[in-house]
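Scroll down for the structure; my scribbles are underneath it.
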There are 2 protein chains.
Amino acid sequence: MPLDSKTLCLGALDAGFNTGYDIRKAFENGPFQHYQSLSYGSIYPALNALLAEGLVTCRPHSQDGRPDKKVYTITEAGRSALRAALLQPLEFDRLRSGFMFALSFAHRMAPGELSRLLDDYIRGHYDLADELARIDGVTTPGDRFLIRMGADVCRAWGRWIEENRAALEHDIQAYRTARVPLRDGTHG
Amino acid sequence: MPLDSKTLCLGALDAGFNTGYDIRKAFENGPFQHYQSLSYGSIYPALNALLAEGLVTCRPHSQDGRPDKKVYTITEAGRSALRAALLQPLEFDRLRSGFMFALSFAHRMAPGELSRLLDDYIRGHYDLADELARIDGVTTPGDRFLIRMGADVCRAWGRWIEENRAALEHDIQAYRTARVPLRDGTHG
DNA sequence: TTCGATATATATCAAACCAATATAGGTGAC
DNA sequence: GTCACCTATATTGGTTTGATATATATCGAA
């Protein structure tokens, strides 16, 4: 149920990105960057497949100096396929977080190391919130909704960590005391 | 800077999962499931590499009826490598969200379709919050912290969507009115 | 003015990774 | 008794990423 490369390309084409290069930018710096990823190695084969299936058309576009463009256009069949894919049951958001993995070993860290890790994680959330808040020129209602949601949730998330980091540090103290009750013991 | 398979395996070993099968479970159903993924095709080669590098040791463990286990143990060099990897600058959380991608095409959906999508997305957040809240037997402070964080953020996230979905629907109305001002026009 | 960086644009490749399967016996339900 | 699922290692096929190749253009700095 994860969205496949072809669906992601159809979406990007529907959103107005009409070359392989443009589609890549949509996932690298553009509107999709924060919740999907797609690279050239997936995009160009996907466009070829979509072309073979009649879900997109392609006309070469000669340019002044720059390399020739292949301008892709989504067809009606393509829009149907996109709609169908987006209305199918979607798998829930999948997160890949190095910070959380690291935090699960908090009890192995020195206080300063943990503190720096939490600082970075909090900052990451506030930075992303600010970055989202700075975005302008967004035309579609869905994108406006997603940007506001992202910014508000990131701020709440960062605030949560700030408000609860002390509890984590206390819990680590308790954990260490329970496991190594003698401070001057022989076990390192 | 994403954590590689070897680091993830070292972490799982340090956390007490000591066979390839156990490590897989740690990423499928266990403590890492919500923020990292790792499958057999990565785990077994990684364990072999770690063994060759002296970061883990391995002793076969014959069992009653079941297949033989290979019980892996992290070495001191392995713990150093894990520490070093976790203290290196980490890339910020990467999200893969089919829901957000779909929501960015909200203006293309019928009201009922959008409503169902939002319902599912809200439910997904509350369900995850409940699932996290139900977890017990967590021994390390980091994991306790992460579970509380996940549950609280998920609930706040779900609440945000509930409180702002009406604004999205109104925005879509306005968007459509601005683009197709005549309701009885000839353009479908 | 030339150097280095960046942008436009398509395309391919190696390495990494995931999902599924093969293999093989055990356990438990019904 | 057979059907489904659990334990356990290992491999394969297909997908994806990240990097690179190729070619041209712009632009600021040295």
Side-chain angles (χ1 to χ4, degrees), chain A residues 1-9 12-13 17-30 32-33 35-52 56 58-72 85 91 94-96 98 101, chain B residues 1-13 17-30 32-52 56 58-72 85 91 94-98 101:
Chain A
M1 316 247 177
L3 300 176
D4 65 337
S5 304
K6 292 194 290 181
T7 302
L8 294 174
C9 283
L13 289 170
F17 301 89
N18 53 18
T19 69
Y21 184 72
D22 258 19
I23 292 173
R24 171 65 188 145
K25 284 196 298 180
F27 288 94
E28 195 187 8
N29 314 310
F32 307 132
Q33 69 179 300
Y35 49 84
Q36 288 290 336
S37 65
L38 203 64
S39 54
Y40 290 128
S42 302
I43 292 168
Y44 286 109
L47 288 174
N48 290 333
L50 290 171
L51 194 58
V56 303
C58 174
R59 66 192 151 88
H61 192 90
S62 292
Q63 292 187 117
D64 37 319
R66 297 175 198 155
D68 286 5
K69 264 185 185 178
K70 288 182 182 174
V71 175
Y72 291 87
E91 72 166 4
R94 198 146 282 194
L95 186 68
R96 169 149 304 207
F101 190 77
Chain B
M1 313 253 175
L3 301 176
D4 64 337
S5 303
K6 292 194 290 182
T7 303
L8 295 175
C9 283
L10 284 176
L13 290 170
F17 301 89
N18 53 19
T19 69
Y21 183 71
D22 257 20
I23 292 173
R24 171 63 188 147
K25 283 195 300 181
F27 288 94
E28 196 187 7
N29 313 311
F32 307 131
Q33 68 178 301
H34 294 112
Y35 48 85
Q36 288 290 336
S37 64
L38 203 63
S39 54
Y40 289 130
S42 304
I43 292 168
Y44 286 110
L47 288 174
N48 290 332
L50 290 171
L51 195 58
V56 303
C58 174
R59 66 193 152 88
H61 192 92
S62 293
Q63 289 187 118
D64 36 320
R66 295 175 199 157
D68 287 6
K69 266 184 184 177
K70 289 183 183 175
V71 176
Y72 291 87
E91 72 165 5
R94 198 148 283 195
L95 187 67
R96 168 149 307 208
S97 174
F101 190 78

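Set against C/dT10, D/dC6, C/dC17, the side chain of A/Tyr21 has C/dT10 as its closest nucleotide. If you check C/dA9, D/dT16, C/dC17 against the side chain of A/Lys69, the one that comes closest is C/dA9. Distances from the side chain of B/Lys25 to the nucleotides D/dT7, C/dT10, D/dT17 place D/dT7 closest. Checking C/dC18, D/dT17, D/dA8 against every side-chain atom of A/Arg96, the shortest atom distance belongs to C/dC18. When each of D/dT9, C/dA11, C/dA19 is scored by its nearest atom to the side-chain atoms of A/Lys70, the top-ranked nucleotide is C/dA11. Listed candidates were C/dT10, D/dT17, D/dA8. Nearest to the side chain of B/Tyr44 is D/dA8.
Residue A/Ser37 places at least one side-chain N or O closer than 4.0 Å to OP1 or OP2 of D/dT17. Residue A/Ser5 places at least one side-chain N or O closer than 4.0 Å to OP1 or OP2 of D/dT16. Proximity of A/Thr19 to the phosphate of C/dT10: a side-chain N or O atom is located under 4.0 Å from OP1 or OP2.
In this structure, CD of B/Gln36 is placed 14 Å from C1' of C/dC18, rounded to the nearest angstrom. Distance B/Ile43 CD1 to C/dC18 C1': 11 Å, rounded to the nearest Å. Taking atom CZ of A/Arg59 as the reference point, atom P of C/dT10 lies 13 Å away to the nearest angstrom. Atom-to-atom, CG of B/Asn18 to P of D/dA8 comes out at 10 Å; the value is rounded to the nearest Å. Between B/Leu47 atom CG and D/dA10 atom P the separation is 9 Å, expressed in whole Å. Distance CZ (B/Phe27) to C1' (C/dC17): 13 Å, rounded to an integer number of Å. Per the geometry, CG belonging to A/Asp22 stands 14 Å off P belonging to C/dA7, to the nearest Å. Rounded to an integer number of Å, the gap from OH of A/Tyr72 to C1' of C/dA9 is 11 Å.
Remark: side-chain polar atoms of A/Gln36 are paired, donor with acceptor, to backbone N or O of B/Ser97 under 3.5 angstrom. In this structure, A/Arg24 contributes its side chain and A/Leu38 its backbone to a donor-acceptor pair below 3.5 Å.
Atoms CZ and NE2, from A/Arg94 and B/His34 in turn, are 9.5 Å apart once rounded to the nearest 0.5 Å.
Along DNA chain D, the nucleotide nearest to B/Val71 and the one nearest to A/Arg24 differ in position, and the one closer to the 5' end is contacted by B/Val71.
Taking the C1' atoms of five terminal pairs at each end of the helix from C/dT1-D/dA30 to C/dC30-D/dG1, the two resulting helix axes are inclined by 30°, rounded to 10°.
Pairing each heavy atom of B/Ser37 with each of B/Leu8, the nearest pair is O-CD1, 4.2 Å. Annotation for B/Leu3 and A/Phe101: closest pair CD1-CD2, 3.5 Å, computed over non-hydrogen atoms. Heavy-atom minimum distance, A/Tyr40 versus A/Gly20: CE2-O, 4.1 Å.
With a 4.5 Å cut-off on side-chain heavy atoms, A/Ile43 and A/Leu47 count as touching. A heavy-atom distance below 4.5 Å is not found between the side chains of B/Tyr72 and B/Phe17.
In this structure, A/Gly20 reaches the sugar-phosphate backbone alone: every heavy-atom distance under 4.0 Å involves primed, P, OP1 or OP2 atoms, never a base.
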